[in-house]
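Reviewing the structure listed below.
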Amino acid sequence: MAIMITDECINCGACEPECPNTAIYEGGIAWKWSDGTDLNEVEMEDGSKVDAKEDQNPVSDEFYYIVSGKCTECTGFHEEPQCAAVCPVDCCVPDPDYVETEGELQVKKEWLHL
């Protein structure tokens with residue numbers, strides 16, 4: 001499952017540089033599918049297509065946040081999610097809204113990094 005950052009976040013930023021998928025952003029900052037990936041175009045669940053270089057709205061305006069569609073729990077890179085490993089207040093936790101198997105996470109990693 002993807003990792004999420006709870007509202008206990010102290011905005012220290014320790015997690016952001018640790019993410020191999022560039023899925024972590026500072027609150028209020030727009031994100032892109034192409035950041036840190038090989039994606040050019042993304043097909044959304046509704047079948048529409050999005051330019052991967054197009055700015056997306058921030059998930060949070062207040063705290064650092066993780067884009068669940070880009071989070072692979074560091075599968076294929078590290079043994080454990082690095083954001084959670086470096087977080088001084090343990091606010092990087094599994095997101096119950098995005099449950100994925102190890103196999104699904106590996107497929108997502110391969111999709112992000114062609």
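- Looking at Glu54 and Lys32, no side-chain N of the basic residue comes within less than 4.0 Å of a carboxylate O on the acidic one, giving no salt bridge.
- Atoms SG and CZ, on Cys91 and Phe63 in that order, are 9.0 Å from each other to the nearest 0.5 Å.
- A 4.5 Å side-chain heavy-atom check between Asp90 and Cys92 finds every atom pair outside the cut-off.
- Follow the hydrophobic side-chain contacts under 4.5 Å out from Val99 and you never reach Ile66; the two are in separate clusters.
- With hydrogens and angles ignored, the 3.5 Å screen pairs no side-chain donor or acceptor of Glu110 with any backbone N or O of Val107.
- A donor-acceptor pair under 3.5 Å is formed between the side chain of Lys70 and the backbone N or O of Thr22.
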Full working for side-chain contact (heavy atoms from CB on, under 4.5 Å) between Lys108 and Glu100
CA-CA 10 Å; Lys108 187 193 293 186; Glu100 297 165 295; 3.0 Å; yes
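- Proximity of a side-chain donor or acceptor of Glu43 to a complementary backbone N or O of Glu41 within less than 3.5 Å is not detected.
- A donor-acceptor contact shorter than 3.5 Å links the side chain of Ser34 to the backbone of Ala52.
- Nearest heavy-atom pair across Ile24 and Cys19 is CD1-CB, 3.8 Å.
- Separation of atoms NE2 (His78) and CD (Glu18) is listed at 7.5 Å; rounding is to 0.5 Å.
- Closest non-hydrogen pair, Pro20 versus Cys74, comes out as CD-SG, 3.7 Å.
- Shortest non-hydrogen contact noted between Ala2 and Cys71 is CA-SG, 3.8 Å.
- Ile5 and Trp31 end up in different hydrophobic clusters when Ile, Leu, Val, Met, Phe, Trp and Tyr side chains are linked at under 4.5 Å.
- Although no hydrogens or angles enter the test, the distance criterion places no donor-acceptor pair under 3.5 Å between the side chain of Asn21 and the main chain of Gly36.
- Within the model, atoms OH of Tyr98 and CE of Met4 stand 11.0 Å from one another, a figure rounded to the nearest 0.5 Å.
- Within the 4.5 Å cutoff, side-chain heavy atoms of Ile10 are placed close to those of Pro88.
- Under the 4.5 Å side-chain heavy-atom criterion for ILVMFWY residues, a single connected hydrophobic cluster contains both Leu112 and Val50.
- In this structure, Glu16 and Tyr64 approach most closely via the heavy-atom pair OE1-CE2, 3.5 Å.
- Going from atom CG of Asp51 over to atom CD of Gln56 covers 9.0 Å, rounded to the nearest 0.5 Å.
- Counting only heavy atoms from C-beta outward, the side chains of Trp111 and Asp38 never approach each other to under 4.5 Å.
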Carefully, step by step, assess Gln106 and Glu102 under the rule side chain to side chain donor-acceptor pair (under 3.5 Å).
CA-CA 6 Å; Gln106 184 63 41; Glu102 177 108 11; over 6 Å; no
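- Listed for the Tyr65 side chain is no donor-acceptor partner under 3.5 Å among the backbone atoms of Glu62.
- Note: the hydrophobic cluster containing Ile3 does not contain Leu105 (ILVMFWY, side chain heavy atoms under 4.5 Å, direct or indirect links).
- Scanning for ring pair (Phe, Tyr, Trp, His ring centres under 6.0 Å) contacts around Phe77 gives His113, with sequence neighbours left out.
- The shortest heavy-atom contact between Pro96 and Pro94 is CD-O, 3.3 Å.
- Defined by atom type and a distance below 3.5 Å, a donor-acceptor pair is present between the side-chain atoms of Thr6 and Glu8.
- Rounding to the nearest 0.5 Å places CG of Asp95 at 6.5 Å from OG of Ser68.
- One hydrophobic cluster holds both Val59 and Trp33 under the rule that ILVMFWY side chains link at heavy-atom gaps under 4.5 Å.
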